[in-house]
Amino acid sequence: MNYFCNPVNVNYRYQFNDDQRNKGIKVAREAADPSMIWFKGTYYIFASMTLGVWVSEDLAVWKNHRLPESLPLYDYAPDVRVMGDYVYFCASKRGENCSFYRTKDILEGPYEEIPGTFDFWDPNLFLDEDGRLYFYWGCSNMTPVWGVELDPETMHPLGERIALIEGDASTKGYERVGEDHTLFPRSEEEIEACYQGFLKAQNMTEADFPDEYKPLVKGMFSRKPYIEGAWMNKFNGKYYLQYACPGTQYNIYADGVYVGDSPLGPFTLAKSNPFSYKPGGFIPGAGHGSTMEDPEGCLWHTSTMRISVNHDFERRVGIWPAGLDEDGELFCNQRYGDWPMAVEDARKDSWCSPSWYLLSYKKAMSASSFEEGKEPEKAADENVQTWWRPLSAEREEWLCMDLGMISEVHAVQINFADDRIEIPVPGKIGGSATQARYIEERDLATRWILEGSKDGAEYEVLVDKSEAETDLTHDLVVWEEGKKLRYLRLTGVEVPYGQRPCISGLRVFGMQEKEKPGVPEFSAQREGDLDMQVVIRGTGALGYNILWGEEPGKLYHSCMTFEENQRIGALVKGRDYWIRVDAFNEAGITEGTVKRLG
């Protein structure tokens, strides 16, 4: 079996962001906005700010390959499409004409440039079966996703652009911004007041401020959703135009989908929305991605996951099984979206349940030392935004977990975080004024040793990466046959730039011999048009998965929670819903009963 555990286990490159607003350099790793394709027997993911492409033979193990510097590698949201014998590439830049590039060999090139005639952000090419080529773009909370037909030879537009998708957070709860969709859009009067306050703070008059930047600044104050990240697929004669919303820095970053009978619409909001949505778990977020069909006819969706501590754009990439149901509804399975998954199992059944369960949540932790506020318990709280940090960068520092009983351990995911990296920029700041940065070009290394024990006295080395030349910050180790362990100890850690290591998640998966949780009792009440409140009565579970959908047999949306009182703000106005709450612990998953939302 080939296993993976989100986020994708690959080297995420450091970004030295020149933050003009806060007048300083902010350092964080980033990869986002993935385009995933299958080309000539190999899988490829192109993601923002990676200087390269990730390559895999099996969807589980990925390696980063550098791309030619002639490509716009400092431009966001690279779009990649297979068109005949070629792969076409383009990326985003405001204010300058954006070119297209094509190649027959992704890794070796050469790449032929086709000069563009207009600027765009968050592009997506789509070649229809009749040979006609279409283009979609847009990334704003003030303007829509656009579409136009292109000449497949010159890449010039054939006709005027058409507005295809506009945001409406008053009817689509999942388009509201804020953590858990807590913020409603401001009125036009409120936006104007904020804008005037901004001008006053800058000692500027409206006449002083460039007209082209006014919509951007007003958009900052609007609390309107960003509508962005278009991606088109065609299935069974229908066109599925996907888009991201409401903002990448929130835990509720999602992908919605509209359906139409032609590539330029009109489009209707699909029945099941948002189709890609992961607001809970260790690392949330599932927006701005792509949907790919593999050689076996299975669908996979890849999109952006959120950290956003050191920088709003501190992000990662996730992959999930997707599919079409018998009614043509596009879905994505993110119920246990950051637990280990076997590629082969997901191919057989897009809704397959995990084989191994979370063992590490809230388990007893100890460490050689720790910084106040960054205690060892932070590595077991299932929150990517918190972490253990020792008092030194010495390799003798250690972190230990007690699982509470001898357990059958099948997988460990070691998640490294970054914390206040303050070093000189190792290269020249590049990119445009709105995304000025230096992307670390060197191949760095993250090293560690993982030990295990049954009694806490005698330890064996489980994995020794003390001499590794890889820089894998979400590293996964798997033992299909399992290992009998109670204690796990991480030591010998060395991270880039000589920093103190930070562990946001020492996540352990397997099974314990205990009773599974009982069937959870719950109540679910709709609050207004867009929200529901779910109250779960304790069953001794470790956590819960709240599932909902517009039919009892189509509970395609999910929210993992460790709380017994959970608000969900992703409903669509005027639609009825059905709810189920599943409970899980270290021994397994217990499915609940389906209820109609009150």
Side-chain angles (χ1 to χ4, degrees), residues 2-12 29-37 43-50 54 56 58-62 64 77-78 229 231 242 244-245 248-256 274-292 294 298-308 313-323 330-343 345-346 350-352 354 358 382-385 411 413-417 472-476 504-505 507 509 545 556-560:
N2 295 296
Y3 294 90
F4 68 94
C5 184
N6 287 318
V8 174
N9 187 24
V10 73
N11 60 313
Y12 293 86
R29 295 177 185 261
E30 179 185 3
D33 320 318
S35 291
M36 182 163 66
I37 61 171
Y43 299 98
Y44 298 90
I45 293 178
F46 291 75
S48 295
M49 305 302 152
T50 63
W54 304 342
S56 177
D58 56 15
L59 286 174
V61 178
W62 296 85
N64 195 333
W231 184 269
Q242 300 144 60
C245 65
T248 191
Q249 69 271 41
Y250 305 120
N251 69 314
I252 40 73
Y253 199 35
D255 280 336
F275 92 93
S276 175
Y277 187 67
K278 188 186 179 301
F282 170 68
I283 178 169
H288 195 150
S290 57
T291 303
M292 179 206 70
D294 71 15
C298 300
L299 297 184
W300 299 88
H301 186 70
T302 178
S303 53
T304 307
M305 309 188 82
R306 186 286 307 263
I307 297 178
S308 299
F313 284 4
E314 185 179 18
R315 302 175 291 177
R316 302 293 189 264
V317 170
I319 300 174
W320 298 277
L330 185 63
F331 63 79
C332 187
N333 179 11
Q334 286 139 340
R335 293 177 180 177
Y336 299 90
D338 51 29
W339 290 19
M341 177 181 296
V343 174
D345 288 344
S350 299
W351 294 106
C352 64
L358 181 66
E382 282 294 285
N383 183 353
V384 75
Q385 292 187 316
Q413 186 193 44
I414 304 172
N415 297 272
F416 290 84
L472 301 175
T473 50
H474 303 280
D475 214 350
L476 177 70
S504 60
R507 307 179 71 220
F509 299 88
N545 239 326
Y556 294 160
H557 316 300
S558 61
C559 175
M560 181 180 285

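Values reported hereafter were calculated over all heavy atoms of this structure, with side chains retained and with hydrogens, waters and symmetry mates removed. Throughout, residue positions are numbered sequentially from 1 according to the sequence presented.
By the side-chain contact (heavy atoms from CB on, under 4.5 Å) test, Q249 pairs with S308, D312, sequence neighbours left out. Considering only residues two or more places apart in sequence or on other chains, N383 meets the side-chain contact (heavy atoms from CB on, under 4.5 Å) condition with D381, Q385, T386. For the salt bridge (charged side-chain N to carboxylate O under 4.0 Å, His left out) test, no residue two or more places apart in sequence or in another chain qualifies with R335. Listed by chain and residue number, nothing satisfies the side-chain hydrogen bond (donor to acceptor under 3.5 Å, both in side chains) test with Y44 (two or more places apart in sequence, or in another chain). Residues satisfying the salt bridge (charged side-chain N to carboxylate O under 4.0 Å, His left out) test with D294, not counting sequence neighbours, are R347. For S290, the side-chain contact (heavy atoms from CB on, under 4.5 Å) criterion is met by M36, W231, T302, not counting sequence neighbours.
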TODO: Begin from the C-alpha positions of K278 and D338 and carry the test side chain to side chain contact (heavy atoms under 4.5 Å, CB included) through to its verdict.
DONE: CA-CA 9 Å; K278 188 186 179 301; D338 51 29; 2.8 Å; yes
Open item on the list: Is there a side chain to side chain contact (heavy atoms under 4.5 Å, CB included) between R315 and T248? Walk through the geometry before answering.
Closed with: CA-CA 8 Å; R315 302 175 291 177; T248 191; 2.9 Å; yes
Open item on the list: Apply ring-ring contact (aromatic ring centres under 6.0 Å, His included) to residues W351 and Y556 and explain how you reach the verdict.
Closed with: CA-CA 9 Å; W351 294 106; Y556 294 160; 5.6 Å; yes
TODO: Take V61 and N2, measure what side chain to side chain contact (heavy atoms under 4.5 Å, CB included) needs, and give me the verdict at the end.
DONE: CA-CA 8 Å; V61 178; N2 295 296; over 6 Å; no
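Among all heavy-atom pairs drawn from P284 and P279, the shortest one is CB-O, 3.6 Å. Residues T50 and A31 come closest through the heavy atom pair CG2-CB, 3.8 Å. The two residues L330 and F275 come nearest to each other via the heavy atoms O-CB, 3.6 Å. Heavy-atom minimum distance, P34 versus T304: CD-OG1, 3.7 Å.
N333 places a side-chain N or O within donor-acceptor distance of the main-chain N or O of S350, the cut-off being under 3.5 Å. No side-chain donor-acceptor contact under 3.5 Å links S35 to the backbone of F46. Of the possible donor and acceptor atoms, one in the side chain of Q413 sits under 3.5 Å from a partner among the backbone N and O of N6. A distance-only check finds a donor-acceptor pair linking the side chain of R316 to the backbone of R29 [under 3.5 Å].
When the options Y12, W62, F4, F282 are evaluated for a ring pair (Phe, Tyr, Trp, His ring centres under 6.0 Å) with H474, the one that passes is Y12. Partner of S276 under the side chain to side chain donor-acceptor pair (under 3.5 Å) criterion, out of H557, Q334, H288: Q334 alone.
Side-chain polar atoms of E30 and S48 form no donor-acceptor pair below 3.5 angstrom. With 3.5 Å as the limit, one finds no donor-acceptor pair spanning the side chains of N415 and S504.
Between F331 and W320, the distance from one ring center to the other does not fall under 6.0 angstrom.
Atom CE of residue M560 and atom CG of residue L358 lie 7.5 Å apart, to the nearest 0.5 angstrom. Taking CG of N9 as the start and CG of L476 as the end, the distance is 6.5 Å to the nearest 0.5 Å.
Here the side chains of I319 and I45 are in contact, with some heavy-atom distance below 4.5 Å.
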